[in-house]
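What follows is a short report on a single structure.
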2 protein chains.
Amino acid sequence: MKRGYATGEARKERILAAALLEFAENGYRGASLARIAERVELSQAGLLHHFKSKELLLVAVLDYRDSLDTRKFDLGSAGGIDALRALADVVEHNARVPGLVQLFSVISGEAVTPGHPGHEWARRRYRRLRADVAAALRSGAERGEFRPGLDAEAHADRLIAMMDGLQTQWLIDPDRVDMAAIFRSYVDDLITVLRPE
Amino acid sequence: MKRGYATGEARKERILAAALLEFAENGYRGASLARIAERVELSQAGLLHHFKSKELLLVAVLDYRDSLDTRKFDLGSAGGIDALRALADVVEHNARVPGLVQLFSVISGEAVTPGHPGHEWARRRYRRLRADVAAALRSGAERGEFRPGLDAEAHADRLIAMMDGLQTQWLIDPDRVDMAAIFRSYVDDLITVLRPE
DNA sequence: GTCTATAGGATGATAGAC
DNA sequence: GTCTATCATCCTATAGAC
């Protein structure tokens with residue numbers, strides 16, 4: 001591995017981490033390239049050498065966030081009840097990384113307006129998540145853990161909505177909302193409702 | 001009613017309506033007083049004569065939005081199953097006013113960061129909503145429609161999270177998400193789960 | 001109440017030296 | 001790769017005339 005390459009990549013990663021913080025705290029529109037540059041002890045022009053524009057930096061940060069999301073919802077193996085429990089684990093994990101959750105909430109909120117640089121990212125993210133969760137539900141039905149007639153897409157939408165909605169409440173009022181516990185009890189109820197008769 | 005007063009109020013309301021649009025499209029940070037002024041054919045300085053600052057204008061808009069919300073969740077009368085059905089009606093109504101929903105989503109997203117002028121508003125809103133919904137659930141339990149031991153606060157949080165989460169999905173991908181239908185089916189399932197044995 | 005003018009900044013992006 | 005300098009806007013808010 002060449003040294004120049006390694007330091008270059010390391011530099012880029014430090015920039016991404018700093019940008020993530022800035023975007024999470026101020027949103028895309030409120031974020032400032034100068035402040036991000038300051039956090040990594042670089043001039044604003046130097047920052048723009050690595051990422052050509054603010055917009056490109058944001059999408060790089062969003063991809064970076066996804067890559068950080070180690071505990072990704074991996075259901076190729078799980079599926080069924082295990083997959084739902086794994087989803088609850090994700091929420092529990094999220095409760096320990098408010099910064100990442102805040103980035104997601106702030107950007108998602110902004111990104112509902114068409115033309116926002118995160119709009120496409122948000123849409124792709126929802127579609128992929130919905131497909132993954134729905135697939136897990138269907139595999140549970142095939143295995144006899146859930147009843148056969150379930151509407152997988154609708155339940156996937158609900159699970160995702162519950163996760164996102166609880167995140168917002170939790171961020172706004174952390175002491176009043178036990179995000180992980182509430183989500184887990186929803187999952188438990190869901191398992192009951194979907195149980196085959 | 002004095003004429004001067006009436007035109008003054010009407011003017012203010014036109015400003016609020018224009019500001020609502022602008023904030024919904026661009027968020028608080030992305031909104032511009034000059035563009036709002038333009039929409040009501042007023043100079044930017046003229047606009048600031050009616051609302052002293054951008055921040056005060058935002059909170060006025062948020063209050064205005066709440067006042068527009070005619071179909072407010074009024075449960076003093078309803079309670080129990082009727083109240084849950086009324087909630088589903090609210091969601092159905094919201095599906096017809098994307099502008100209002102978008103204002104709410106965008107501002108709520110921004111407002112998770114402390115120091116945002118909408119932060120307090122969002123917190124108050126959640127607490128009030130949670131209290132109202134929880135009260136409705138408890139009144140249902142007292143009347144024997146729901147089982148006695150239910151955790152009213154947790155279910156209230158879930159209902160609110162579901163509403164808000166579905167709104168985001170719907171705004172980002174309107175064709176794929178039937179917000180009202182999905183919420184209604186959640187409510188129906190909940191009524192089943194909470195039914196006394 | 002409404003205007004013009006302007007203060008006083010901050011912003012993203014580019015040019016060009018080193 | 002990193003810098004300084006600068007461009008060209010944009011912004012909120014205020015002062016003061018009418």
Side-chain angles (χ1 to χ4, degrees), chain A residues 1-62 106-107 110 113 115-118, chain B residues 1-62 106-107 110 113 115-118:
Chain A
M1 196 196 300
K2 289 224 289 279
R3 191 189 135 79
Y5 176 83
T7 49
E9 286 301 295
R11 170 75 99 181
K12 276 207 167 191
E13 188 155 341
R14 282 194 57 221
I15 294 175
L16 287 172
L20 193 155
L21 274 178
E22 173 75 10
F23 284 130
E25 280 168 15
N26 304 106
Y28 172 71
R29 294 185 253 246
S32 143
L33 294 180
R35 271 196 303 266
I36 296 169
E38 206 176 357
R39 295 204 212 217
V40 291
E41 294 159 72
L42 198 69
S43 74
Q44 185 241 17
L47 170 61
L48 281 173
H49 170 77
H50 297 280
F51 299 91
K52 303 295 173 222
S53 72
K54 189 184 186 183
E55 202 165 317
L56 288 173
L57 178 56
L58 176 68
V59 313
V61 165
L62 294 175
V106 172
I107 299 298
E110 285 184 312
T113 67
H116 187 283
Chain B
M1 196 196 295
K2 287 222 290 280
R3 192 188 137 78
Y5 176 83
T7 49
E9 285 303 292
R11 168 75 98 180
K12 276 207 167 194
E13 188 155 341
R14 282 193 58 223
I15 293 175
L16 287 172
L20 192 154
L21 274 179
E22 173 74 9
F23 284 130
E25 281 168 15
N26 303 106
Y28 173 70
R29 294 185 253 247
S32 144
L33 294 179
R35 272 196 303 267
I36 296 170
E38 204 175 1
R39 295 205 214 217
V40 291
E41 290 155 315
L42 198 69
S43 74
Q44 186 243 23
L47 170 61
L48 281 173
H49 170 78
H50 296 279
F51 300 92
K52 304 295 174 221
S53 73
K54 190 184 185 182
E55 203 164 315
L56 288 173
L57 177 56
L58 176 68
V59 313
V61 165
L62 293 175
V106 171
I107 299 298
E110 284 185 313
T113 67
H116 187 284

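For the numbers below, each heavy atom of this structure counts, side chains included, while hydrogens, waters and symmetry mates do not. Order of the sequence lines sets the chain letters (A, B, ...), proteins ahead of strands, with each chain counted from 1.
Here B/R11 reaches the OP1 or OP2 of C/dT2: one of its side-chain N or O atoms lies under 4.0 Å away. Between B/H50 and C/dT2, a side-chain N or O to OP1/OP2 separation shorter than 4.0 Å is present. In this structure, B/S43 does not reach the C/dT2 phosphate: none of its side-chain N or O atoms is under 4.0 Å from OP1 or OP2. Note on A/R29: every side-chain N or O is 4.0 Å or more away from OP1 and OP2 of C/dT11. Regarding contacts with the backbone of D/dC10, every side-chain N or O of B/R35 stays at 4.0 angstrom or more from both OP1 and OP2.
Here the side chains of A/Y28 and B/R29 are not in contact, with every heavy-atom distance at 4.5 Å or above.
The interatomic distance linking B/E38 (CD) with C/dC3 (P) rounds to 12 Å, in whole Å. Distance CD1 (A/I15) to C1' (D/dT2): 11 Å, rounded to an integer number of Å. For B/L33 and D/dA13, the CG to P distance is 6 Å, given to the nearest whole Å. Atom C1' of nucleotide C/dC3 and atom CG of B/L42 are separated by 9 Å, given to the nearest angstrom. The distance from atom CG of A/L58 to atom C1' of C/dT11 is 17 Å, rounded to the nearest whole Å. One atom, CG of A/N26, and another, C1' of D/dC11, lie 16 Å apart when rounded to the nearest Å. Straight-line distance from the CG atom of B/L47 to the P atom of D/dT14: 13 Å, rounded to whole Å. Between the CZ atom of A/F51 and the C1' atom of D/dT2 there is a distance of 16 Å, rounded to whole Å.
For B/S32, the listed nucleotide lying nearest its side chain is D/dT12; candidates were D/dT2, D/dT12, C/dA13. The side chain of B/A45 lies closest to C/dA5 when the candidates are D/dT4, C/dA5, C/dA13.
Comparing A/Q44 and A/H49 against DNA chain D, the residue whose closest nucleotide sits nearer the 5' end is A/H49.
Across all strands, B/L48 comes closer than 4.0 Å to base atoms (heavy-atom distances). Within the 4.0 angstrom heavy-atom criterion, no nucleotide atom of any strand lies near B/A37.
B/K54 forms no cation-pi arrangement with B/F23, by the criterion of a distance under 6.0 Å to the ring centre and an angle within 45° of the ring axis.
Partners of A/E22 according to the side-chain hydrogen bond (donor to acceptor under 3.5 Å, both in side chains) rule, which considers only residues two or more places apart in sequence or in another chain, are A/R35, A/R39.
In this structure a side-chain-to-backbone donor-acceptor pair under 3.5 Å is missing from B/E110 to B/G27.
Between A/L20 atom CG and A/I15 atom CD1 the span is 13.5 Å, to the nearest 0.5 Å.
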